[in-house]
Amino acid sequence: MRISKDEYYLNIAKAVAVRSTCLKHKYGAVIVKNDEIIATGYNGAPRGEPNCLDMRECYCDIADKPVDETAATHRAKYGLCVAVHAEQNAIISAARRDMTGAALYLNIYDSNKEPIPCNICNRMIKNAGIIRVVTPKEDLY
């Protein structure tokens with residue numbers, strides 16, 4: 001039996017995630033329009049800058065952080081991360097005219113965690129003209 005197109009592109013997003021330089025979670029994104037891949041992206045440090053994988057240490061873990069890890073402190077620590085998100089890297093690699101009406105497939109390589117775009121990525125996705133976001137568990141929109 002043949003896998004669906006959604007499964008196919010989600011598998012490609014998972015393969016893209018393997019290139020991530022994050023020590024905690026490896027995300028991959030694939031932008032598809034008219035059954036063609038427009039762009040891919042994975043999470044990691046900006047080009048030319050040191051990344052956690054090469055340094056063998058998570059920047060968030062070595063940056064100043066509160067001892068008591070509540071939801072609010074987790075969000076504050078999240079802001080310390082130097083990585084560019086997979087969705088952002090895919091979007092900056094494509095022209096808006098190519099993304100208008102496209103779908104973005106988002107997957108994670110090393111976890112059963114459900115990949116969901118953060119608020120900033122969500123706004124970028126919508127502003128890029130992408131009309132569908134697909135994860136392994138559901139279509140987000």
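Basis for what follows: all heavy atoms, side chains included, without hydrogens, waters or symmetry-related copies.
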Please examine the side chains of [Y] and [X], heavy atoms only from C-beta on, and report whether any two atoms are closer than 4.5 Å.
{"X": "P136", "Y": "P115", "result": "yes"}
{"X": "L104", "Y": "V134", "result": "no"}
{"X": "N11", "Y": "I3", "result": "yes"}
{"X": "T21", "Y": "D54", "result": "no"}
{"X": "M124", "Y": "E87", "result": "no"}

Pairs in or reaching into residues 105-131: which pass ring pair (Phe, Tyr, Trp, His ring centres under 6.0 Å), with residues at least two apart or in two chains?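 Qualifying pairs: Y9-Y105.
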Determine whether a donor-acceptor pair (N or O, by modelled atom type, separation under 3.5 Å) exists between the side chain of [X] and the backbone of [Y].
{"X": "N51", "Y": "G44", "value": "no"}
{"X": "N43", "Y": "S20", "value": "no"}
{"X": "N122", "Y": "P117", "value": "no"}

Return the [atom1] to [atom2] distance between [X] and [Y], rounded to the nearest 0.5 Å.
{"X": "T135", "Y": "N107", "atom1": "OG1", "atom2": "CG", "result": "8.0 Å"}
{"X": "C22", "Y": "I108", "atom1": "SG", "atom2": "CD1", "result": "8.5 Å"}
{"X": "I130", "Y": "I91", "atom1": "CD1", "atom2": "CD1", "result": "4.5 Å"}
{"X": "R97", "Y": "I38", "atom1": "CZ", "atom2": "CD1", "result": "10.5 Å"}
{"X": "D6", "Y": "R132", "atom1": "CG", "atom2": "CZ", "result": "4.0 Å"}

Neighbour count above 12 (heavy atom, 6.0 Å) for R19 CZ: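 Incorrect, the count does not exceed 12.
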More than 12 heavy atoms from other groups under 6.0 Å of CD1 on I120: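 At most 12 heavy atoms, drawn from other residues, nucleotides or ligands, come within 6.0 Å of this atom.
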Decide, yes or no, whether a salt bridge links K33 with D98 under the criterion of side-chain N to carboxylate O below 4.0 Å.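 Looking at D98 together with K33, the answer is no, because their closest N to O distance does not fall below 4.0 Å.
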